[in-house]
There are 2 protein chains.
Amino acid sequence: MNERSSKSLSGSLAFGSEHNHSLCIEEALDHAKRVCEEGGERFTNLRRQVFELVWAEHKPVKAYDLLSALASKRSGVAPATVYRTLDFLQAQGLVHRLESLNAYLGCSHPETDHQGHFLICENCEEVRELELGAFMQSIAAVEDAQDFRVRRMTIELFGLCKRCQAANSGPDPTLP
Amino acid sequence: MNERSSKSLSGSLAFGSEHNHSLCIEEALDHAKRVCEEGGERFTNLRRQVFELVWAEHKPVKAYDLLSALASKRSGVAPATVYRTLDFLQAQGLVHRLESLNAYLGCSHPETDHQGHFLICENCEEVRELELGAFMQSIAAVEDAQDFRVRRMTIELFGLCKRCQAANSGPDPTLP
DNA sequence: TCACGTGATGTTATAATATAACAATATGTG
DNA sequence: CACATATTGTTATATTATAACATCACGTGA
Ligand SMILES: [Zn+2]
Ligand SMILES: [Zn+2]
Ligand SMILES: [Zn+2]
Ligand SMILES: [Zn+2]
């Protein structure tokens, strides 16, 4: 817990690495606030609270879990509250939706305009957001070969992260 | 409607191409029957009916739409009927689920063991299943770089197919 | 043939996810 | 302050999916 934080958010951690998550959240909040200001949008209390809850862990969060957590912080919380706020955060590029999981995740590099690509560990549930690049070339090739123009995409790769590969060969041997 | 049908199912059509869909369905049914027999599974009436409904068009189908269509063909149809049957067909590799759409699609090359990769036209809804290859290289590179072992994946690329790119610049100008 | 075990289907109930529609409130601007 | 607009609250409902248990169908061996 004494890491160097450069221009990339601390949230862009590699699987299994330690990092200062308080700092990570703080940076993410600062960033979110700035993104909203620059876009002429308001980073209201509600939006900040939801954003914090999404960022509480580097794991996908379900809308109704957010709902419960949020309800313990403020009154008058209904599904629409959560979904609307998630929609807003997604529109600002601050949060991604994981289609295969019906879940949401804070974006780890919101400074760039991008679609999310994800590695999702089936054992520990940790999610790593890939930075663009690796796939862009093959996608360009597909567009070319198929006469298809890609406008958005869902790329979610499920498997085992380094730690969980090492830790086992079977399921969950009490992870850290 | 006079096409050549080689070893690849007629369902492996390119976007916008014409093809003999009766033949396409017939082939798909034959194939499904064979897959089940070889796996020691029964291709029952229910399973055949659901399979036919999924193959009715080269478009994703929603579970509850299948439910309605199926209910007009037999009695005692409930959600569980449909979901169970879809689960079975997916397990046999005959049908894929599109996570981003909560919808299902007949597999266009069930002879090979594979995950589905899809191009989905946002305008005409036609879906083209990519054959593996284009992505495998970049996925291997990601696995290597990230110390992550991929076991399954969701890859769904949304955009405009050739026909819809040509036809417009805006939305739906009454397609064929 | 028929008892039996298994897999398939039917049936009922409910869980989990998401949106619609409209009312009330907050915020900034002139 | 009056007004327009964005945000949030509130109620109801739509959509998607699963659980749990009952019944039926099919093959196998007594
Ligand atoms: Zn963190
Ligand atoms: Zn991102
Ligand atoms: Zn066809
Ligand atoms: Zn397929």
Side-chain angles (χ1 to χ4, degrees), chain A residues 32-33 35-54 60-92 94-105 125 154 156, chain B residues 32-33 35-54 59-92 94-105 154 156:
Chain A
K33 199 173 161 191
V35 164
C36 289
E37 280 167 1
E38 288 171 359
E41 303 286 350
R42 292 162 54 202
F43 195 55
T44 62
N45 261 354
L46 173 62
R47 289 166 177 174
R48 185 181 44 68
Q49 286 178 319
V50 171
F51 185 80
E52 283 175 346
L53 289 171
V54 170
V61 193
K62 308 227 108 192
Y64 275 75
D65 292 340
L66 284 175
L67 178 58
S68 312
L70 189 61
S72 75
K73 302 198 166 191
R74 55 188 297 140
S75 62
V77 177
T81 315
V82 170
Y83 284 105
R84 270 195 303 227
T85 308
L86 287 171
D87 286 348
F88 171 84
L89 295 172
Q90 286 176 262
Q92 305 311 305
L94 298 169
V95 159
H96 294 293
R97 173 176 161 85
L98 298 171
E99 298 289 347
S100 304
L101 299 176
N102 295 337
Y104 302 83
L105 183 74
E125 297 193 278
T154 296
E156 297 169 6
Chain B
K33 199 173 161 193
V35 164
C36 289
E37 278 166 3
E38 288 170 0
E41 304 285 352
R42 292 164 51 202
F43 195 56
T44 61
N45 263 352
L46 174 61
R47 289 166 178 174
R48 184 181 44 68
Q49 286 177 319
V50 170
F51 185 82
E52 283 175 345
L53 289 170
V54 170
K59 292 185 177 174
V61 194
K62 309 227 108 194
Y64 276 75
D65 291 340
L66 284 176
L67 177 57
S68 312
L70 188 60
S72 74
K73 302 197 165 195
R74 53 188 296 140
S75 63
V77 178
T81 314
V82 170
Y83 283 105
R84 272 195 302 228
T85 308
L86 287 171
D87 285 348
F88 171 84
L89 295 172
Q90 286 177 261
Q92 305 310 307
L94 297 169
V95 159
H96 295 294
R97 174 177 160 82
L98 298 171
E99 298 290 347
S100 304
L101 298 175
N102 296 336
Y104 303 83
L105 184 73
T154 296
E156 297 168 4

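Just so it is clear: chains get the letters A, B, ... in the order the sequence lines come, proteins before strands, and each one is counted from 1. Small disclaimer: the values here were computed from a predicted structure and weren't measured.
- With hydrogens and angles ignored, the 3.5 Å screen pairs no side-chain donor or acceptor of A:Glu156 with any backbone N or O of A:Leu98.
- Remark: C1' of D:dT18 and CG of B:Asn102 are 14 Å apart, rounded to the nearest angstrom.
- Chain A approaches DNA chain C over the interval C:dT17 to C:dT27, counting the first and last nucleotide 5' to 3' with an atom under 4.0 Å from its heavy atoms.
- Contact annotation: the side chain of B:Val35 approaches that of B:Leu94 to within less than 4.5 Å [non-hydrogen atoms, C-beta and beyond].
- Listed pair A:Thr81 / D:dT10 fails the phosphate criterion, with no side-chain N or O lying under 4.0 Å from OP1 or OP2.
- A straight line from CG of B:Asn45 to C1' of D:dC24 spans 14 Å, rounded to a whole angstrom.
- Judged by atom type and distance alone, B:Tyr64 does not reach the base of D:dA14 through any side-chain donor-acceptor pair under 3.5 Å.
- Rounding to whole angstrom units, CZ of residue A:Arg47 and C1' of D:dG9 are separated by 14 Å.
- Partners of A:Glu37 by side-chain contact (heavy atoms from CB on, under 4.5 Å), not counting sequence neighbours, listed by chain and number: A:Lys33.
- Looking at the side chain of B:Pro79, the nearest of the listed nucleotides D:dC21, D:dT18, D:dT8 is D:dT18.
- For A:Arg74 and D:dG9, a side-chain-to-base donor-acceptor distance below 3.5 Å is absent, hydrogens and geometry of angles not being considered.
- In terms of position on DNA chain D, the residue among B:Ala80 and B:Lys62 whose nearest nucleotide sits closer to the 5' end is B:Lys62.
- Computed from coordinates, the A:Arg48 CZ to D:dT8 C1' distance equals 15 Å when rounded to whole Å.
- Rounded to whole angstrom, the span from the OH atom of A:Tyr83 across to the P atom of D:dG9 amounts to 17 Å.
- Residue-to-nucleotide proximity on DNA chain C shows that, of B:Arg84 and A:Arg42, the 5′-proximal contact is made by B:Arg84.
- Nucleic acid contact for A:Tyr104: sugar-phosphate only, since backbone atoms but no base atoms lie under 4.0 Å from a heavy atom of the residue.
- A:Phe88 has its CZ atom 12 Å from the P atom of D:dA6, to the nearest Å.
- Across all strands, B:Ser75 comes closer than 4.0 Å only to sugar-phosphate atoms, never to a base (heavy-atom distances).
- A pairwise comparison of heavy atoms in A:Leu86 and A:Val54 identifies CD2-CG2, 4.1 Å as the closest pair.
- Without hydrogens or angle criteria, A:Lys62 side chain to A:Leu101 main chain gives a donor-acceptor distance under 3.5 Å.
- Expressed to the nearest 0.5 Å, how far CZ of A:Phe51 lies from CG of A:Leu66 amounts to 12.0 Å.
- No donor-acceptor contact under 3.5 angstrom links the side chains of B:Gln90 and B:Arg97, judged on distance only.
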